[in-house]
2 protein chains.
Amino acid sequence: MPENPDGIGAAFAPHDHSHCSSRALNDATERLATEGGRLTPVRRRTLEILLESHRAMGAYEVLDRLAAEGFGRQPPVAYRALEFLVQHGLAHRLQRLNAFAACLHPGADHQPAFLICSECDRIAEVPSGPMRDALGDVASGAGFVVDRVTVEAVGTCAICAEARA
Amino acid sequence: MPENPDGIGAAFAPHDHSHCSSRALNDATERLATEGGRLTPVRRRTLEILLESHRAMGAYEVLDRLAAEGFGRQPPVAYRALEFLVQHGLAHRLQRLNAFAACLHPGADHQPAFLICSECDRIAEVPSGPMRDALGDVASGAGFVVDRVTVEAVGTCAICAEARA
DNA sequence: AGACGACTGTAACACTATAACAGAACGGAG
DNA sequence: CTCCGTTCTGTTATAGTGTTACAGTCGTCT
């Protein structure tokens, strides 16, 4: 697998993480400037914490970090910041894990599918368009109108497969 | 939409529910006979409770029912019965809802996609084969080997759409 | 300065899930 | 039938996840 810093499944290939993380932060700032959201200190710090790894973090894990840095130490502090990020497309919530992960491609209006490595807990986003189309077809056969779709796959990433071989 | 008791999205069409529920119960009994699982009283009752509606139920909702009927009243009672049903393909767990729903097509070895009506909370299972194939393609592009996939769509079912019109 | 809205923090609580252990029920070997 | 190992049921206690309600703070606009 070649280096491919910004592409599909980038999280599962070696890459310059400080680059992808600072880029996401810049994208976020721009995006909010046009949309009107305020990236306050807690919110910004929450995003940075999520961006430090390609993992999903539980709200309480984020909260511990925030509290250690002088922010509030009650659950709503983390939940509110995370909710803000999710609403503005800067982070995603992973249902299978009760956890949150930074969005690596903010700006693209998207609703990605997630690949979750069960060995190293890393997360990757991949486009879900084809799947949403396929689901829309079956759903409309049942008279169901789809609003939001969650697609989350658990499996083994390239790095862990390699390590095991 | 015609009557189509056992087909795709059956939950969203009028149908003879006592039929589809008793059939699922029979399927379950047969399936366990060949597989070696024991459908004990708590487990059987748990399945019946799930089958009473085409909704997903929280573990504690199930637990209340069980307790009222003389079974244990502590969480593990419900969680163990539900886990057993899920492991044997007789029920599904819905990540978006932290809840469980009876499987209406046991026997078919499947991993369906779910349609969840946000107005009436009814659930339907639809085949997820096409979606899993599509996801497998993108995933392998990232060197990721998919094990299990969760596909859950939130939207509006035929019955509620009709009622609103 | 005053007023308003948005943001941050706290306490208290509700819901979801698991660990650890004791006794009861079942099934096979003798 | 009895003994024994296994599986199942139930309990207490505790961990983890998420929300409600309310008070104070900060920015901004007149």
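The sequence lines fix the lettering, A, B, ..., with proteins before strands; numbering per chain opens at 1. The analysis underlying the following values was restricted to heavy atoms, covering all of them including side chains, and did not include hydrogens, waters or symmetry mates.
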What heavy-atom pair brings A:A99 and A:G58 nearest, and what distance separates the two atoms?
-> CB-N, 4.0 Å
Strand-adjacent residues in residues 34-49 of chain A, judged by heavy atoms under 4.0 Å from DNA chain D | none
To the nearest angstrom, the CG-P distance between A:L66 and C:dT10 comes to 12 Å
When you list every nucleotide of DNA chain D with an atom under 4.0 Å from a heavy atom of chain B, which one comes first 5' to 3', and which comes last?
-> D:dC8 to D:dT12
Which sits closer to the 5' end of DNA chain C, A:G70 or B:F100, going by the nucleotide each is nearest to?
-> A:G70
So, A:T46 side chain and A:L82 main chain: donor-acceptor pair closer than 3.5 Å or not?
-> no
Heavy atoms from other residues, nucleotides or ligands near CD of B:E52 exceed 12 (cutoff 6.0 Å) | yes
Taking every non-hydrogen atom, the tightest pair across A:L135 and B:V126 | CD1-CG2, 4.1 Å
Please confirm whether the backbone N or O of A:I159 pairs with a side-chain atom of A:R122, one donor and one acceptor, at under 3.5 Å?
-> no
Residues 33-44 of chain A vs salt bridge (Lys or Arg N to Asp or Glu O under 4.0 Å), sequence neighbours excluded, gives A:R31-A:E35, A:R44-A:E48
Result for 5'-nearest mapping on DNA chain D, choosing between B:F71 and B:N98, is B:F71
Distance-only criterion, 3.5 Å: show the donor-acceptor pairs between side-chain atoms of residues 67-79 of chain A and protein atoms not counting sequence neighbours.
unit_1, atom_1, unit_2, atom_2, d
A:E69, OE1, A:R45, NE, 2.6
A:E69, OE2, A:R45, NE, 3.4
A:E69, OE2, A:R45, NH2, 3.2

Between C:dG9 (C1') and A:E69 (CD): distance, integer Å = 17 Å
Decide yes or no for B:L94 and B:F114: does some side-chain heavy atom of the first lie under 4.5 Å from some side-chain heavy atom of the second?
-> yes
Closest non-hydrogen atoms of A:P112 and A:E125, given as atom of the first, atom of the second and distance, are CG-OE1, 3.7 Å
Distances for protein N/O vs nucleotides 18-20 of chain C N/O pairs under 3.5 angstrom?
none

Return all side-chain donor-acceptor pairs below 3.5 angstrom for residues 148-156 of chain A, not counting sequence neighbours, or 'none' if the list is empty.
unit_1, atom_1, unit_2, atom_2, d
A:T150, OG1, B:R96, NH1, 2.4
A:E152, OE1, A:Q95, N, 3.4
A:E152, OE1, A:R96, N, 2.9
A:E152, OE2, A:Q95, N, 2.8

Rounded distance (Å) that lies between atom P of C:dT16 and atom CE of B:M57 = 12 Å
Could you tell me whether the side chain of A:V138 reaches within less than 4.5 Å of the side chain of B:M131, counting heavy atoms only?
-> yes
